[in-house]
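A, B, ... follow the sequence lines: proteins, then strands. Residue 1 opens every chain.
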2 protein chains.
Amino acid sequence: MKSMRVEIDSSLSLSDRIFEQLQTAIVKGEMPSGSKISEPELAKSYGISRGTLREALSRLEERYLVVRSPNLGARVVTLSYEELVDIYQIREALGGMACGLAAEHMTAAEIADLKRLLDEHERNIEENQGLSYYQQEGEFDFHYRILQGSRNSKVTGILKGGLYQLMRMYRYQFSISGPRPYQALKEHRRIVEAIEERDAELADLLMRRHIRAARKNIDERRSISTFEKG
Amino acid sequence: MKSMRVEIDSSLSLSDRIFEQLQTAIVKGEMPSGSKISEPELAKSYGISRGTLREALSRLEERYLVVRSPNLGARVVTLSYEELVDIYQIREALGGMACGLAAEHMTAAEIADLKRLLDEHERNIEENQGLSYYQQEGEFDFHYRILQGSRNSKVTGILKGGLYQLMRMYRYQFSISGPRPYQALKEHRRIVEAIEERDAELADLLMRRHIRAARKNIDERRSISTFEKG
DNA sequence: ACGTTTTGAGGTGTCGACAATTAATGAAAA
DNA sequence: TTTTCATTAATTGTCGACACCTCAAAACGT
């Protein structure tokens with residue numbers, strides 16, 4: 001009867017797993033942003049104790065995914081356009097820096113892999129008219145590899161652990177696909193070229209410009225949204 | 001006899017306060033870096049339960065101040081020169097960005113306050129031969145205000161909440177005072193000038209250079225240290 | 001004497017329960 | 001009908017206890 005047992009990774013504690021599950025639930029909008037979190041209810045639905053849940057919530061709070069006020073409870077974070085622009089600004093500075101470092105540190109094999117990834121993205125765009133996967137997660141794949149190549153574990157932690165989750169959340173919530181597939185792919189190619197040529201300064205610059213373009217896209221959308229509302 | 005009572009801020013929960021106390025204890029080296037943390041022992045010494053302590057530890061883990069491995073327990077983080085350089089790199093990118101934004105957003109009153117702070121620092125240096133306060137916390141005061149002026153709450157959170165604590169920890173542990181008081185003050189003055197003239201680009205550049213100088217100081221010290229060891 | 005197993009102590013992960021605080025309900029007064 | 005206050009219900013903050021895991025020393029066999 002052991003086969004009934006759910007395969008669990010013992011290298012992760014229960015609260016670790018709950019933390020990750022909650023994170024994806026929040027990011028994907030299954031827990032609507034701004035909604036109140038009832039500890040007893042949520043603990044019961046996951047079949048865990050409140051203490052375990054609270055440990056996960058403490059960590060989510062540090063990652064800006066939930067907001068807590070003492071004696072009042074926790075809420076899923078609400079993302080305003082202002083905060084989103086703040087995040088893109090940070091991403092611009094850090095992403096550029098990481099890309100410059102990647103130009104210095106990535107191995108030839110890593111660069112070759114990166115090129116293959118872009119080829120794959122290109123096929124993906126042609127087949128699906130640029131929808132679905134590429135604009136959802138493919139964009140992140142690309143940026144993850146560059147972070148990895150920067151050899152700076154702290155910047156990887158900040159972006160992967162913190163900011164990218166918030167951006168992902170935003171995209172899911174507003175069902176916004178990544179910006180301009182062909183244009184973005186072209187920019188990605190140029191960035192990889194700069195990395196291949198070990199031109200750190202150019203890689204930094206191109207990555208900043210790439211992210212800035214995405215931010216302006218958001219900003220534009222914001223002005224439309226505020227126009228609609230009054 | 002009310003004066004004997006410790007003034008507690010009821011807007012903070014107990015685990016919040018423990019979290020802050022532990023943070024400063026780690027930063028100041030009262031809990032040596034790399035040392036193992038015994039939950040029962042620590043909980044008893046603070047007069048709290050283990051559950052409350054574990055919530056605080058979860059948050060400290062997210063802030064890179066403690067490292068946990070499942071079933072093995074928590075240790076105070078150990079800071080290597082490599083990681084410290086990583087942190088300075090991030091600080092260079094984010095600090096520069098924040099400074100550029102501060103040039104755009106700070107009010108005249110805030111800028112005037114900032115100038116007064118530098119005057120105070122100058123007096124401090126003359127009196128104490130540049131030791132003590134200014135090199136410990138004064139430097140942080142200056143940077144905090146610029147973060148405040150950037151009007152980007154996320155970057156403030158990342159730097160104040162995360163990276164500055166690690167840098168502070170490093171300074172305490174290696175009893176390294178902030179770099180070159182007179183030179184640093186001069187650089188601070190130039191940065192404020194750029195902010196006053198609303199020259200965001202220059203403010204960004206000067207702040208990056210200022211931080212890079214500090215990083216090179218560290219790097220130099222690292223090469224000495226590695227030379228000593230072999 | 002050396003390597004292996006076992007057993008025990010200490011520590012971590014998780015849970016359920018109580019105390020304190022906030023929100024909800026309803027009764028009384030304006 | 002609306003407002004206010006009091007009482008009750010629900011939720012959060014905190015605690016102590018139990019099960020499982022890890023590590024080390026003792027016991028055992030070779």
Side-chain angles (χ1 to χ4, degrees), chain A residues 1-2 4-23 25-26 31-32 34-78, chain B residues 5-23 25-26 31-78:
Chain A
M1 297 298 283
K2 282 260 177 84
M4 284 299 284
R5 200 169 61 86
V6 177
E7 196 59 39
I8 60 167
D9 184 352
S10 70
S11 76
L12 263 57
S13 90
L14 177 55
S15 91
D16 288 339
R17 267 170 290 155
I18 296 295
F19 168 74
E20 289 178 3
Q21 286 182 252
L22 286 178
Q23 175 164 280
I26 290 174
M31 299 176 68
S35 65
K36 179 150 189 339
I37 294 174
S38 163
E39 291 183 6
E41 186 181 331
L42 199 64
K44 198 167 62 181
S45 86
Y46 278 89
I48 59 172
S49 92
R50 266 185 60 226
T52 305
L53 175 64
R54 282 174 64 85
E55 275 187 39
L57 288 178
S58 296
R59 294 172 59 185
L60 289 169
E61 184 184 14
E62 284 303 308
R63 292 207 175 177
Y64 303 106
L65 286 173
V66 311
V67 178
R68 274 173 137 181
S69 12
N71 292 321
L72 295 184
R75 309 189 83 88
V76 179
V77 72
T78 60
Chain B
R5 198 169 64 87
V6 177
E7 197 60 40
I8 61 167
D9 185 350
S10 71
S11 76
L12 263 57
S13 90
L14 177 55
S15 90
D16 288 339
R17 267 170 291 159
I18 297 295
F19 168 73
E20 289 178 4
Q21 284 181 253
L22 286 178
Q23 174 163 280
I26 290 174
M31 299 175 69
S33 72
S35 65
K36 178 146 189 339
I37 294 175
S38 162
E39 292 183 6
E41 186 181 329
L42 199 63
K44 199 167 61 180
S45 86
Y46 278 89
I48 59 172
S49 92
R50 266 186 61 226
T52 305
L53 174 65
R54 282 174 63 84
E55 276 187 39
L57 288 178
S58 296
R59 293 173 60 186
L60 289 170
E61 186 184 14
E62 285 303 308
R63 293 207 175 176
Y64 303 107
L65 286 173
V66 311
V67 178
R68 275 173 139 180
S69 10
N71 291 321
L72 294 184
R75 308 189 84 89
V76 179
V77 72
T78 60

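Within 4.0 Å (heavy atoms only), Gly73(B) reaches sugar-phosphate atoms of the nucleic acid but no base atom.
Contact annotation: Lys36(B) side-chain N/O to dT12(C) OP1/OP2 distance is under 4.0 Å. For dT14(D), the OP1/OP2 oxygens have a side-chain nitrogen or oxygen of Ser13(B) closer than 4.0 Å.
Across the protein-nucleic acid pair, Glu61(A) atom CD and dT12(D) atom C1' stand 14 Å apart, rounded to whole Å. In this structure, CG of Leu42(B) is placed 10 Å from P of dT12(C), rounded to the nearest angstrom. Rounded to a whole Å, the CG atom of Leu12(A) is 15 Å from the C1' atom of dT12(C). Atom C1' of nucleotide dT14(C) and atom CG of Leu53(B) are separated by 15 Å, given to the nearest angstrom. We find that OH of Tyr46(B) is positioned 21 Å from P of dG13(D), with the value rounded to whole Å. Atom CD of Glu39(B) is separated from atom P of dT12(C) by 5 Å (rounded to the nearest Å). Nucleotide dC20(D) holds its C1' atom 8 Å from the CG atom of Asn71(B), rounded to whole Å. The separation between Ile37(A) atom CD1 and dA10(D) atom C1' is 17 Å, rounded to whole Å.
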Go through Leu57(B) and Glu55(A) one step at a time and tell me if the side chain to side chain contact (heavy atoms under 4.5 Å, CB included) criterion holds.
CA-CA 9 Å; Leu57(B) 288 178; Glu55(A) 275 187 39; over 6 Å; no
What verdict does the side chain to side chain contact (heavy atoms under 4.5 Å, CB included) test give for Arg68(A) and Ser58(A), after you've listed the backbone C-alpha separation in whole Å, the side-chain angles of each residue and the deciding distance to 0.1 Å?
CA-CA 9 Å; Arg68(A) 274 173 137 181; Ser58(A) 296; 3.2 Å; yes
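Tyr46(B) has its side chain out of reach of Thr52(B): every pair of non-hydrogen atoms, C-beta onward, lies at least 4.5 Å apart.
Side-chain proximity of Ser38(B) to the nucleotides dT14(D), dT11(D), dG11(C) is greatest for dG11(C). Here dC15(C) is the nucleotide among dG11(C), dT14(D), dC15(C) with the atom lying nearest to any side-chain atom of Ser49(A). Among the nucleotides dT14(D), dT14(C), dC15(D), the one closest to the side chain of Glu55(B) is dT14(D).
The residue among Leu14(A) and Arg50(A) whose nearest nucleotide of DNA chain C lies closer to the 5′ end is Leu14(A). Remark on DNA chain C: of its neighbouring residues Leu72(A) and Thr52(A), the 5'-side contact belongs to Thr52(A), judged by nearest-heavy-atom nucleotide.
Arg75(B) places a side-chain N or O within donor-acceptor distance of the main-chain N or O of Gly34(B), the cut-off being under 3.5 Å.
Results of the side chain to side chain contact (heavy atoms under 4.5 Å, CB included) test with Val66(B) over Val77(B), Leu22(B), Ile37(B) single out Ile37(B) as the only residue that passes.
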